[in-house]
Trainee: 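The structure follows.
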Amino acid sequence: MSITNSEIASLFRKLADLLDIEGANPFRIRAYRQAALVIDTFPRSIADMVANGEDLSQLPGIGKDLAGKIQTIVKTGDFPTLDEVMERTPPVLTDLLQIPGLGPRKVELLYESLGVETLADLETALRNGRVAGLPGFGPKTVSNLLAELEKLRLKGPEKRLPIVEADPIAASLIRYLSAFEGVIKVQMAGSFRRRKETVGDLDIVAAARNGPGMIRYFCAFPDVRQVELRGVTRGTIILKSGLHVDLRVVGEKSYGTTLAYFTGARSHTISIRKLAVKNGWKLNEYGLFDAAGKSLAGADEQGLYKAFGMAWIPPELREMHGEMEAARSKNLPDLLPENAIKGDLRVASSVAPLSELANRAGALGYEWIGIADPFPSDRSGRKKLQTRNDRIDRFNAGGAAVHFFKTATIEIPLNGGLPDDSDLLTQLDYLCCYPANHAGSEGADPTESLIRTMDQAKALDLPVILLQLTGRQINAQGRLHVNLDAMAEHAAKLGHAIEICEQPDQLGVSDTQCQRLLQKGARLALASGAMSPTDLSMMKYAVWQARRGWAESRNVANCRHWKEVFR
DNA sequence: GCCGTTTTCGGCCCGACTGTTTTCAGTCG
């Protein structure tokens, strides 16, 4: 079984952490971290690229040296550089870095002077008073560390929150802050504004006449468990759910540069700052200034990007995945708007009666909905699906404003294809096919069976939507090893589509995978995957992820009139 | 360790806040 991108990235991160504790050249450490980030979010399998003999030093942030190290890791499974460092510095030390307030310098000091290696060592040293004597460790630090250790024991390491769950929390925070007297502007920033699939915390930026007052007001938010930090321009609270929320308040003239800065992503922000330095300018939260200190931009983001000869970049694209070049050459995508969605491609019939679904669809501005139920394997199941199909036909014949498609979800076994039931299959408008992903299929490659399925469906003149291609789960990597390039090219050739869906147990392709699929000419199908009426709103999050994947309306089947969805 | 139309050396983003200091280091974002 070949090594995954995230496994390679973890090795580099581990090395960077250990070098950090050793006090190595910080720029070298940054290079390893940067490479880890690039590898982690890269849409293709690095191991496959090595097998194909492709030149890895073409990847951003990866030069000749790192390309060679990656090759060694992929081919031999060994990482000699990491082994050497682990001989000098105990690898378990990186566990200590997860404690807020403990950075590499303090970890090094604890290890060198007290021999502290593990979390248990740390607790003992804190309790018997040996830590308190160290330079930089006062009584406050000791009690903070004990509190953090307790938190870690109770809750485990902080997990990232799905944006689906963060969305209502963000909305309530913005509602609360908008009610502050003296607020001029306030909005979400950070990874939430970039619509990342999961968020680690929430960042909010505001312009206000009374900054410190607004921070105090923020710290009094009803759902606060603890105020972590309360400064003049910045506050951090921890909600009862454990979620960290940051607020920065600046003057109106700095709102745009502050918003841009705290929207990130970090690599995107750094790259803009580098452009400023190159021009002899200075960019910080408070504005963009020339050498004489004259303000060139600050109040809004448009002005900031314009100063560099770029179009305004939508937050979803600010990930250093090619957006800077596209903005400079005026080639940014015209991102899929939420209101361009004309229908939902996969809704279970159990959600509601057709008439009620039609009402809900109308309220969402939809023209059509695809009704999807599991494809049956026995006689009674066939009968039920046929009855459902008849019901849909009768409803459509009634001339309602909303059209319903008949479809079914079909699990494609490894080494298999479509079920041998063309009578029933051809009663459907299209098929929703997903690769088998049971316990024990980790690392399996469903590419061949899915290609076969696409061919079989084409012979029956049936369009296919491919779901759950990589077996991804929130907070975990994909469990299937599908060749996405091959999927995209074959689907494009035959007129099939690939799904984006944000139901936690039915995840579609990720943002960077989406971007890659579009480059290969694939068409996207967005679905709520709804099993209940409120789930219909999950479409919003599919749109967000499609936007992160550079999707335009023309790439998305959902933007078409019902007669043309699969043309 | 990466990177480059001010290239093969010498740079590498920048500020807020805390806890520890008596002017600043470490951490964080």
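Worth saying up front: this structure is predicted, and the values here are computed from it rather than measured.
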Trainee: Could you work out the separation of dT20(B) and dG26(B) based on their P atoms and round it to a whole Å?
Mentor: 14 Å
Trainee: Does a side-chain heavy-atom distance below 4.5 Å link Phe42(A) with Met49(A)?
Mentor: yes
Trainee: Is any NZ, NE, NH1 or NH2 atom of the basic residue among Arg328(A) and Glu325(A) found under 4.0 Å from an Asp or Glu carboxylate oxygen of the other?
Mentor: no
Trainee: Are any of Lys69(A)'s side-chain N or O atoms less than 4.0 Å away from OP1 or OP2 of dC2(B)?
Mentor: no
Trainee: With heavy-atom distances below 4.5 Å as the criterion, would you say the side chains of Ile99(A) and Leu119(A) are in contact?
Mentor: yes
Trainee: Scan Ile62(A) against the nucleic acid and name what it touches under 4.0 Å (heavy atoms): base, sugar-phosphate only, or nothing.
Mentor: sugar-phosphate
Trainee: Does dC14(B) have OP1 or OP2 under 4.0 Å away from a side-chain N or O of Asn284(A)?
Mentor: no
Trainee: Over how many whole Å does the gap from Arg160(A) atom CZ to dG29(B) atom P extend?
Mentor: 12 Å
Trainee: To the nearest Å, how far apart are Gln34(A) CD and dC13(B) P?
Mentor: 11 Å
Trainee: From the list dT27(B), dG29(B), dC13(B), which nucleotide is the closest neighbour of the side chain of Val277(A)?
Mentor: dC13(B)
Trainee: With the threshold set at 4.0 Å, does a side-chain nitrogen-carboxylate oxygen contact exist between Glu285(A) and Arg273(A)?
Mentor: yes
Trainee: Identify, residue by residue, the members of residues 13-31 of chain A with a heavy atom below 4.0 Å from DNA chain B, and return them in order of residue number, or none.
Mentor: Asn25(A), Phe27(A), Arg28(A), Arg30(A), Ala31(A)
Trainee: Have a look at Arg266(A) and say if it touches a base, only the backbone sugar-phosphate, or nothing, with a 4.0 Å heavy-atom cut-off.
Mentor: base
Trainee: Tell me: CD1 of Ile215(A) to P of dT18(B), nearest whole Å?
Mentor: 11 Å
Trainee: Mind checking the C1' distance from dT5(B) to dG1(B)? Whole angstroms is fine.
Mentor: 23 Å
Trainee: Counting heavy atoms from C-beta on, name the nucleotide in dT20(B), dT18(B), dC2(B) closest to the side chain of Thr141(A).
Mentor: dT20(B)
Trainee: If I pick the P atom on dT21(B) and the same atom on dG11(B), what distance separates them, to the nearest angstrom?
Mentor: 35 Å
Trainee: Name the nucleic acid region contacted by Arg230(A), choosing base, sugar-phosphate or nothing; use a 4.0 angstrom heavy-atom cut-off, strictly under.
Mentor: sugar-phosphate
Trainee: Once you round it to whole Å, what is the distance between C1' of dA16(B) and CG of Asp203(A)?
Mentor: 14 Å
Trainee: For nucleotides dC2(B) and dC13(B), find the distance between their C1' atoms and express it as a whole number of Å.
Mentor: 16 Å
Trainee: For the pair Arg193(A) and Leu259(A), evaluate side-chain contact (heavy atoms from CB on, under 4.5 Å) and give the outcome as yes or no after the intermediate values.
Mentor: CA-CA 10 Å; Arg193(A) 183 169 180 238; Leu259(A) 183 61; 3.5 Å; yes
Trainee: Of all heavy-atom pairs between Val224(A) and Cys219(A), which one has the smallest distance, and what is that distance?
Mentor: CG2-O, 3.9 Å
Trainee: Could you pick out which residue, Asp246(A) or Leu59(A), lies toward the 5' side of DNA chain B when each is mapped onto its nearest nucleotide?
Mentor: Leu59(A)
Trainee: Could you give me the CA-CA distance, side-chain angles and deciding distance for Glu316(A) and Trp550(A), then say whether side chain to side chain donor-acceptor pair (under 3.5 Å) is met?
Mentor: CA-CA 8 Å; Glu316(A) 293 93 329; Trp550(A) 293 55; over 6 Å; no
Trainee: Side chain to side chain contact (heavy atoms under 4.5 Å, CB included) with Thr89(A): which of Glu84(A), Glu108(A), Glu22(A)?
Mentor: Glu22(A)
Trainee: Under the side-chain contact (heavy atoms from CB on, under 4.5 Å) criterion, do Arg44(A) and Leu484(A) qualify, and how do the steps go?
Mentor: CA-CA 8 Å; Arg44(A) 300 178 56 207; Leu484(A) 277 177; over 6 Å; no
Trainee: Assess, by modelled atom type and distance only, whether the side chains of Thr118(A) and Asp121(A) contain a donor and an acceptor separated by less than 3.5 Å.
Mentor: yes
Trainee: Look at the side chain of Leu66(A) and decide which nucleotide, out of dT20(B), dC2(B), dG15(B), has an atom nearest to it.
Mentor: dC2(B)
Trainee: Under the side-chain contact (heavy atoms from CB on, under 4.5 Å) criterion, do Phe218(A) and Met214(A) qualify, and how do the steps go?
Mentor: CA-CA 6 Å; Phe218(A) 171 63; Met214(A) 187 164 184; 5.5 Å; no
Trainee: Just compare dG15(B), dG29(B), dC17(B) and give me whichever is closest to any side-chain atom of Leu229(A).
Mentor: dC17(B)
Trainee: Look at Thr236(A) and dC17(B) and indicate whether a side-chain polar atom (N or O) is within less than 4.0 Å of OP1 or OP2.
Mentor: no
Trainee: Within the structure provided, determine whether Phe12(A) and Asp40(A) are in side-chain contact (heavy-atom separation under 4.5 Å).
Mentor: no
Trainee: Is the base of dG29(B) touched by the side chain of Tyr261(A) through a donor-acceptor pair closer than 3.5 angstrom?
Mentor: yes
Trainee: With rounding to whole Å, what would you report as the distance between dT8(B) and dC3(B) at their C1' atoms?
Mentor: 10 Å
Trainee: Write down the distance separating the C1' atoms in dT18(B) and dT23(B), rounded off to the nearest Å.
Mentor: 15 Å
Trainee: Output the residues of residues 297-332 of chain A in contact with DNA chain B, where contact means a heavy atom of the residue under 4.0 Å from an atom of the strand; sort by number or write none.
Mentor: none
Trainee: Can you tell me if the side-chain N/O atoms of Thr233(A) get under 4.0 Å from OP1 or OP2 in dC17(B)?
Mentor: yes
Trainee: For dG19(B), take OP1 and OP2 only and decide whether either is under 4.0 Å from a side-chain N or O of Asn144(A).
Mentor: yes
Trainee: Tell me: CG of Asp65(A) to C1' of dC2(B), nearest whole Å?
Mentor: 10 Å
Trainee: In terms of side-chain heavy atoms of Lys282(A), which of dG1(B), dC13(B), dG15(B) is nearest?
Mentor: dG15(B)
Trainee: Using 30° and 60° as the class limits, which term best fits the ring planes of Tyr176(A) and Phe221(A): parallel, tilted or perpendicular?
Mentor: perpendicular
Trainee: Show me the protein contacts with nucleotides 5-10 of chain B, counting only N or O atoms at under 3.5 Å.
Mentor:
none

Trainee: Both Gly63(A) and Glu228(A) contact DNA chain B. Taking the nearest nucleotide for each, which residue is further toward the 5' end?
Mentor: Gly63(A)
Trainee: Any idea how Phe192(A) and Trp544(A) line up, ring-wise: parallel (<30°), tilted (30 to 60°), or perpendicular (>60°)?
Mentor: perpendicular
Trainee: Considering only the C1' atoms, how many Å lie between dC9(B) and dC14(B), rounded to the nearest integer?
Mentor: 24 Å
Trainee: Which nucleotide in the set dG29(B), dC14(B), dG26(B) lies at the smallest distance from any side-chain heavy atom of Arg234(A)?
Mentor: dG29(B)
Trainee: Show your reasoning for whether side-chain contact (heavy atoms from CB on, under 4.5 Å) applies to Asp246(A) and Phe262(A).
Mentor: CA-CA 10 Å; Asp246(A) 268 10; Phe262(A) 290 112; over 6 Å; no
Trainee: Taking the minimum atom-to-atom distance to the side chain of Arg248(A), which one of dC12(B), dG29(B), dT20(B) wins?
Mentor: dG29(B)
Trainee: What interatomic distance, in whole Å, is found between C1' of dT7(B) and the corresponding atom of dC12(B)?
Mentor: 15 Å
Trainee: Would you classify Pro104(A) as touching base, sugar-phosphate or nothing, given that sugar-phosphate means primed atoms plus P, OP1 and OP2, and contacts are heavy atoms under 4.0 Å?
Mentor: sugar-phosphate
Trainee: I want to verify the glycosidic state of dT7(B); is it syn or anti under the 90° rule?
Mentor: syn
Trainee: Which nucleotide in the set dG26(B), dC14(B), dA16(B) lies at the smallest distance from any side-chain heavy atom of Arg105(A)?
Mentor: dG26(B)
Trainee: Across all strands, who's sitting opposite dT8(B) as a Watson-Crick or G-U wobble pair, both distances under 3.5 Å?
Mentor: none
Trainee: To the nearest Å, how far apart are Asp201(A) CG and dC28(B) C1'?
Mentor: 11 Å
